[in-house]
Amino acid sequence: MSVPVRTLDSMVGDELREEPHGERSGKEGDTETWQRLSAYAYLSAPERLEHVAVMRVFCGTLLADLAVPDVLAKLAQAGQPAAALGAETLTARLEQLVRWGNLLRSTHTVTATSIAEYQRSRSRYQLSKLGERVQRDADEVLAGADAAREVSSELLTLVDRGLKEIAALAAAPGGADPQQALEKISTIFAQFAEFAESVRDFYAYLGQVLARYDLDGAEYQGFKELLLDYVEAITEDVSFRAPRIAAHMQAIWPHLPTLLSRIDAHATGLGALSDALPETRVQRSRGRELADWEGLRDWFADSDGQGSQVDQLRDATLRALQSLLANAKRMLRSASGEMSRRKDLLRLAAWFDAAEPEEAHDIAVAAFGLYGARHLGVAPDPDRSVPAYVSWWTGPVVDVPVALRERGSRAPRGRAAAVEDHREQKHRLLEQAREQAAARRAAAAELRSASGRFDQVRLGSAAMRLLLELLTAALGHVQLDKEAGDFQIDGAQAGDADLGIRLTVWSTPGRHTLLRSVDGDLTADDLTLAVESASAPATAKEASA
């Protein structure tokens with residue numbers, strides 16, 4: 001029987017989410033966001049290492065499409081474990097990356113000298129822009145996510161100098177030369193982006209370090225010098241340069257619209273593409289849009305009352321110093337006996353992790369003094385599930401029967417309860433059994449009447465189930481012909497004496513028996529079926545379907 005099945009891999013985009021009818025039309029932005037986030041799915045998939053190895057192969061090429069043999073060859077050349085994947089498995093991985101949006105199917109014309117070469121090379125893939133960006137970010141995270149990155153404070157001096165030169169060019173008679181201004185603007189924003197990124201990375205690392213409360217004397221001394229020397233130098237440099245940069249920005253701002261317009265007229269770039277194709281989005285280089293200048297201004301000056309990034313930098317430095325003082329106080333308390341037990345608890349946790357179950361019980365008793373409890377054997381309320389971490393002191397109580405609490409006896413007292421009457425249940429079960437037997441007899445009669453013309457009638461559900469049951473039993477009775485080295489199917493039978501029905505199966509090469517039912521169709525290849533009464537002899541194939 002053929003039943004269409006829809007799998008999760010065949011569903012993309014918003015198909016993975018169920019939404020009320022009529023609400024999806026206004027959610028194009030949500031759909032686009034969902035599709036972009038799907039490009040990160042391969043980083044958390046069970047086969048993430050294989051997906052990353054494949055993506056690195058594609059990221060190592062520029063505007064090239066690769067077939068499955070090309071990818072396997074490059075994986076083997078790089079010594080990747082993913083090179084052991086078969087062509088079928090690798091094709092499945094590539095198709096999954098296409099569904100996630102990391103790869104695209106190439107339209108490159110295949111040139112092949114044989115049919116086998118065409119079959120190996122007809123499916124070619126190339127890297128998508130989003131897939132390249134995601135893999136590049138992933139490689140950066142894997143390369144140095146936990147490293148302490150130096151702050152490129154020297155770039156701040158170059159930004160200050162460049163803005164001063166642009167302010168002079170913009171205020172000069174006749175305005176600035178567009179090409180010269182474009183070169184300086186591109187340089188300034190590249191320097192500023194590198195500086196701002198290094199500041200964010202360094203302070204993220206600093207927050208990770210200061211969150212620790214188990215620093216020993218040597219570690220504390222090293223981080224103290226880091227804060228008092230390095231961080232202070234960064235803060236002083238930014239505080240010194242920020243007013244100067246803000247002043248240069250204020251001088252440039254009145255001339256900025258004219259300056260950007262002259263640069264656009266001189267060097268259109270991809271802006272002409274957005275004019276010719278409005279549906280195509282173009283990401284301009286930094287400094288070509290007014291929004292880029294607003295971001296630069298807001299980094300050094302408070303223009304909207306929300307505070308500048310320089311103010312946040314000062315606040316972050318103050319919080320870092322406060323964390324350092326908290327560690328200093330902790331170390332002073334440890335000298336008087338009030339020390340943190342974090343390292344001891346971590347060592348105890350390692351012992352628990354490496355211990356066998358019996359040893360873990362002994363460790364728990366020695367560490368916490370928790371001995372085995374005496375249980376009265378009273379079952380708790382099944383409707384109240386109490387987690388294992390709930391203390392006995394605060395957990396719910398269990399009602400103990402009076403006889404057990406006062407006399408210590410579990411024997412029931414009083415008159416025994418009457419035996420429950422099950423006559424109604426027995427009557428209902430007997431009626432159900434009679435209905436099932438009648439349905440099977442009707443199914444057997446339907447099969448006997450349809451024998452020889454299975455392809456012309458459509459069987460009911462019960463008749464089809466009975467036919468499949470008999471066919472399974474008949475095929476299970478076939479014997480192995482040792483001379484021919486194959487199973488002997490001719491004359492295989494299965495029947496039901498209670499229903500008075502028998503199925504006979506013959507092997508008929510080239511014959512396709514079609515069994516139709518309300519639940520679907522089944523084609524039995526190379527088989528001939530005959531259904532007859534159990535009392536009739538199994539004679540010939542003329543009664544076959």
Side-chain angles (χ1 to χ4, degrees), residues 140 144-170 181 183-212 220-256 285-328:
E140 290 181 1
D146 298 330
R149 181 176 178 179
E150 287 188 349
V151 177
S152 306
S153 56
E154 67 278 357
L155 296 177
L156 199 58
T157 305
L158 300 177
V159 171
D160 180 13
R161 187 184 307 163
L163 289 174
K164 181 180 179 181
E165 295 174 356
I166 291 179
L169 290 174
E183 294 173 357
K184 291 185 178 299
I185 289 174
S186 299
T187 303
I188 287 172
F189 275 89
Q191 294 165 347
F192 170 71
E194 177 68 20
F195 167 75
E197 185 179 354
S198 64
V199 168
R200 287 193 299 268
D201 286 353
F202 173 74
Y203 273 83
Y205 167 78
L206 192 60
Q208 175 182 337
V209 169
L210 293 174
R212 295 174 50 188
Y220 172 80
Q221 185 67 25
F223 289 124
K224 183 188 71 172
E225 294 177 357
L226 171 68
L227 281 174
L228 296 183
D229 297 336
Y230 193 73
V231 176
E232 185 179 4
I234 295 172
T235 307
E236 288 182 354
D237 195 8
V238 172
S239 299
F240 173 73
R241 296 289 177 183
R244 298 165 58 92
I245 293 176
H248 297 327
M249 290 293 298
Q250 188 175 3
I252 296 173
W253 206 257
H255 309 282
L256 191 57
S285 59
R286 292 177 179 175
R288 299 290 297 269
E289 300 287 346
L290 185 60
D292 300 332
W293 288 88
E294 291 175 350
L296 178 61
R297 180 191 61 183
D298 295 341
W299 211 98
F300 294 97
D302 183 8
S303 59
D304 54 1
Q306 301 295 327
S308 64
Q309 294 292 326
V310 176
D311 297 332
Q312 295 186 21
L313 195 64
R314 295 194 189 98
D315 295 341
T317 304
L318 180 60
R319 288 193 296 270
L321 292 173
Q322 291 173 348
S323 299
L324 184 67
L325 291 176
N327 274 287

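Excluded from the calculations below are hydrogen atoms, water molecules and symmetry mates; all remaining heavy atoms, backbone and side chain alike, are included. None of these values were measured; they are calculated from a predicted model.
- F195 approaches L155 most closely through the heavy-atom pair N-CD1, 4.0 Å.
- When each of I185, L158, L296 is tested with L163 by the rule side chain to side chain contact (heavy atoms under 4.5 Å, CB included), just one qualifies, namely L296.
- The side-chain heavy atoms of L156 and F300, taken from C-beta on, include a pair separated by under 4.5 Å.
- Between F192 and F189, the ring planes are perpendicular. Angles over 60° get that label, and only those under 30° would be called parallel.
- With rounding to the nearest 0.5 angstrom, the CE atom of M249 is 9.5 Å from the CD1 atom of I245.
- Contact record, H248 with A167: O-CB, 4.3 Å, taken as the closest heavy-atom pair.
- In the displayed structure, E194 atom CD is contacted under 6.0 Å by more than 12 heavy atoms of other residues, nucleotides or ligands.
- Atom CH2 of W253 is separated from atom CG of L290 by 5.0 Å, given to the nearest 0.5 angstrom.
- Judged by distance alone, the side chains of T157 and D160 never bring a donor and an acceptor atom under 3.5 Å apart.
- Listed here is the closest heavy atom pair of I166 and I188: CD1-CD1, 3.3 Å.
- Closest of all the heavy-atom pairs between W299 and A196 is NE1-CB, 4.1 Å.
- Between the side chain of D311 and the backbone N or O of S308, at least one donor-acceptor pair lies under 3.5 Å.
- Atoms CZ and CZ, from R241 and R161 in turn, are 8.0 Å apart once rounded to the nearest 0.5 Å.
- H255 and A251 make their closest contact through CD2-O, 3.5 Å (heavy atoms, listed as atom of the first residue, atom of the second, distance).
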